[in-house]
Number of protein chains: 2
Amino acid sequence: MARIVTIRTVAERAGCSIATVSRVINRSAPTSADVDARVRAAVAELGFRPSEIGRALKTLRTRTLGVVIPSLTNPVFAASVAGMQSAARERQHTLLLTATDYDPAAESELVETLVAQNVAGLILTVADAAENATLDLLDAEGIPYVLVHNEPTRPGRAAVCVDNAAATFALTQTMIAAGHRRIAYLAGRFATSDRARRRHEGYRAAMEAAGLEPEAPLELDYLGDAPSHAEALAGLFRAPEPPTAALCSNDLLALSVVGALRTLGLRVPDDVSVAGFDGIALGGAVHPTLATVDTPTRLMGEHAVAMLFTMIEAGAPPRVERLPFTLRPGGTLAPEAPVPRV
Amino acid sequence: MARIVTIRTVAERAGCSIATVSRVINRSAPTSADVDARVRAAVAELGFRPSEIGRALKTLRTRTLGVVIPSLTNPVFAASVAGMQSAARERQHTLLLTATDYDPAAESELVETLVAQNVAGLILTVADAAENATLDLLDAEGIPYVLVHNEPTRPGRAAVCVDNAAATFALTQTMIAAGHRRIAYLAGRFATSDRARRRHEGYRAAMEAAGLEPEAPLELDYLGDAPSHAEALAGLFRAPEPPTAALCSNDLLALSVVGALRTLGLRVPDDVSVAGFDGIALGGAVHPTLATVDTPTRLMGEHAVAMLFTMIEAGAPPRVERLPFTLRPGGTLAPEAPVPRV
DNA sequence: TATGTTTGTGAAAACGATTTCACGGGCTGG
DNA sequence: CCAGCCCGTGAAATCGTTTTCACAAACATA
């Protein structure tokens, strides 16, 4: 029922061979004005659209990019996928989207599925870019891919990211400059993620540079709700000398932490300052607004696609592109009590 | 470089014909234990994975579902796509994802692109399900599709949605019960959307049922930021007898409106109550929490995929599935001053 | 005028799978 | 013991394109 009109139908209608139809459609070889017009007329009348499958089988390359992300529910990934989608569309490509739901084991399975679809290339956000058998496999098979959000340590892997360590270093410095001394580091399930590690390193470096004691990250269940977070935070913030500030490894967690602190009877920022990481749009819609590291999430998706295309088409070597971040001040980060407001 | 191992390679290795390899892989016909073992061994050793393209060309059907949504940036759509993705994966399918960026003209182009990829079926959220040439085309070609979020008026179109009118009717009744009399209706760019119209109808019906004067929806630029919304709202809320409550056609808009009212010096909910629609997760993370209609967004995506499969595989006729919604009380909706809190 | 070089076109061979058809061998049943 | 049947298998057709090769006809060059 679906598609009964093939290139053969068009050829008959236009009174020429299928080869000529193909040439007219793809402008892959010169054709006479006469036959050109007849073919175009036939295409229009029949509503013919060449089957991507037939094309792909011959060329062994689809106009499709495979995408693997942890989850669409996190606005960070949703935004970067939005960027990929728009950049891909500009280049007449579509996205084959999959999500791991934060299960590292799913990565290889999804990549295999996508490779079986003969995607032109892949864009991935993985748990760990350093030790990753799936990426090794892609390297071995010569299938082009670009990482997003991941910050690969080993060379030879293409990536679009921000300098996570530098960002948390700067953010931590801002907190220290505001007078905070006891700064907690709260991480989500992302503790199994290379970027979360890099972020914690930046925090630790800044603390040490200021002669302060860095804390081990407190891991919160990333998918947990505010009540469960309140419970987890109670011990830390009801201790004799509680932290006066909390650095969260991402915005979603930070928003949940703000709510959890509130249910513990703590005021933000009066009792505890909070900062996040990512710069999701909704961080600016809440009150007080969320202090965070603003990363160009959507742009990262666009750049990843652009980079992938230079690799596919121009055979460009893999490289790491670090996009600039900015510290976004917000109401959740205030000076520690005795220190005057800047 | 990419995939050099085809079904032929496997056949040679296993010492049989490609037909037999196909039979073993798909269990499409009985094979002897002997050859079965040899083929499986060869598949494992060579890391063979059948090309979806070759398969698709023969069967004229891919293991792919086409998705068209307005935007990934809205958590509502991101959540329903997440649901689709997980439901599709259970059935060994992947999503071909596209977004219109709220441009109705893009719908037909994207659908054509997806049809050219021979998707097994489509899941769409369109601007208007009633007058839609693209859907007519799909009907004519017999390509199965399911609408999500849209509430089609004409029969014969499959859809998964909530009863938008009933939901805003109930929400408006709640506001009226809380003592509000002058209730503004704020709509986004969604005014060109059938569900936004249905939502406004529910509001109007509830107002009229209570003998109150319904207001024409005030359209705000959906993609505008809080400052621009503040400007647009200034006239309405600085009038002599300003509304005491505002019903917003979706949560994203509601969050922005709360911020805009705040910059106008109005307190929420003390001066103005606000309610949204959708039930995005972050509505519960802000303070005060957002009063809204909670819709099972993710579930809608899952059900849409399930329905699509019953249509594809069992030839089930299109039907409209309305999922239950619940009113989610929130801090942004308080009783009007003189009325005692319930 | 004879010879090379375009130029436009068609026939046919891929691409990688599924599927139909035919066939030989081992059954079963009379 | 023979006819008929089922079972496992291979050869070949097929799906809808792109692309190579060959071949005319038209043209430019000597």
Side-chain angles (χ1 to χ4, degrees), chain A residues 1-40 42-43 46-64 92 112-113 115-120, chain B residues 1-40 42-43 46-64 92 112-113 115-120:
Chain A
M1 183 75 72
R3 297 192 60 77
I4 39 174
V5 41
T6 80
I7 197 174
R8 227 163 296 270
T9 328
V10 176
E12 280 170 30
R13 175 79 152 238
C16 65
S17 75
I18 61 168
T20 301
V21 175
S22 175
R23 284 188 269 254
V24 170
I25 290 176
N26 304 315
R27 304 182 198 285
S28 52
T31 46
S32 71
D34 176 34
V35 74
D36 195 283
R38 289 210 314 276
V39 168
R40 287 188 196 289
V43 166
L46 297 168
F48 171 71
R49 183 165 261 253
S51 157
E52 284 294 331
I53 297 198
R55 170 173 298 168
L57 181 56
K58 180 59 189 178
T59 59
L60 289 185
R61 179 193 185 288
T62 61
R63 288 179 179 161
T64 288
Q92 338 262 41
E112 267 192 61
T113 309
V115 169
Q117 311 254 12
N118 277 79
V119 292
Chain B
M1 182 76 69
R3 296 191 60 75
I4 39 174
V5 40
T6 81
I7 196 174
R8 227 163 296 270
T9 328
V10 176
E12 281 170 29
R13 175 79 152 240
C16 65
S17 74
I18 62 170
T20 301
V21 174
S22 174
R23 284 189 269 254
V24 170
I25 291 176
N26 304 314
R27 302 181 199 287
S28 52
T31 45
S32 71
D34 175 36
V35 75
D36 196 283
R38 290 209 314 274
V39 168
R40 287 188 196 290
V43 166
L46 297 168
F48 170 70
R49 183 165 260 252
S51 157
E52 283 295 331
I53 297 196
R55 169 173 298 168
L57 181 56
K58 180 59 187 176
T59 60
L60 289 185
R61 179 190 185 290
T62 60
R63 287 179 179 160
T64 289
Q92 338 261 40
E112 267 192 62
T113 310
V115 169
Q117 311 254 12
N118 277 77
V119 292

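Protein chains get the first letters and strands the later ones, always in sequence-line order, with residue 1 at the start of each. What you see is a predicted model; the values in this text were computed from it and never measured.
At whole-Å resolution of the value, CD1 in A/Ile18 and C1' in C/dA12 are 9 Å apart. To the nearest angstrom, P of C/dA17 lies 18 Å from CZ of B/Arg61. At whole-Å resolution of the value, CG in A/Leu60 and C1' in D/dT17 are 12 Å apart. Rounded to a whole Å, the CD1 atom of B/Ile53 is 13 Å from the C1' atom of D/dT18. When the P atom of D/dG16 is taken as reference, atom CD1 of A/Ile25 falls 14 Å away, rounded to whole Å. With rounding to whole Å, B/Ile7 atom CD1 is found 17 Å from D/dA12 atom P. Atoms CG (A/Asp34) and P (C/dG8) sit 12 Å apart, rounded to a whole Å. Atom NZ in B/Lys58 sits about 8 Å away from atom P in D/dT14, given to the nearest Å.
Regarding contacts with the backbone of D/dG16, every side-chain N or O of A/Thr6 stays at 4.0 angstrom or more from both OP1 and OP2. Contact annotation: A/Thr20 reaches the phosphate of C/dG10 (side-chain N/O to OP1 or OP2, under 4.0 Å).
In this structure, CD on A/Glu52 lies 10.0 Å from CD on A/Gln92, to the nearest 0.5 angstrom. A/Glu12 CD to A/Thr6 OG1: the interatomic distance, rounded to the nearest 0.5 Å, is 8.0 Å. Here the OG1-CZ distance, from B/Thr62 to B/Arg55, works out to 11.5 Å after rounding to the nearest 0.5 Å. Here the straight-line distance linking atom CD1 of A/Ile7 with atom OG of A/Ser51 works out to 10.5 Å at 0.5 Å rounding.
Taking only side-chain atoms of A/Ser51, from C-beta outward, the nucleotide of C/dT9, D/dG16, C/dA17 with the closest atom is D/dG16. Of the candidate nucleotides C/dC15, D/dT17, C/dG10, D/dT17 has the atom lying nearest to any side-chain atom of A/Pro50. Of all nucleotides listed (D/dC15, C/dT9, D/dG8), C/dT9 comes nearest to the side chain of A/Thr31. Residue B/Thr59 has its side chain nearest to C/dT18 when only C/dT18, D/dG16, D/dA12 are considered. Comparing D/dC15, C/dA17, D/dT19 against the side chain of B/Phe48 picks out C/dA17 as the nearest.
Side-chain contact between A/Val21 and A/Val24 is absent, with no heavy atoms from C-beta onward closer than 4.5 Å.
Between B/Gly54 and B/Arg23, the residue anchored nearer the 5' end of DNA chain C, judged by the nucleotide with its closest heavy atom, is B/Gly54. Where A/Asn26 and B/Ala29 each meet DNA chain D at their nearest nucleotide, the meeting point lying more 5' is that of B/Ala29.
Residue contacts for B/Ser22: at a heavy-atom cut-off of 4.0 Å it reaches a base atom on one of the strands shown.
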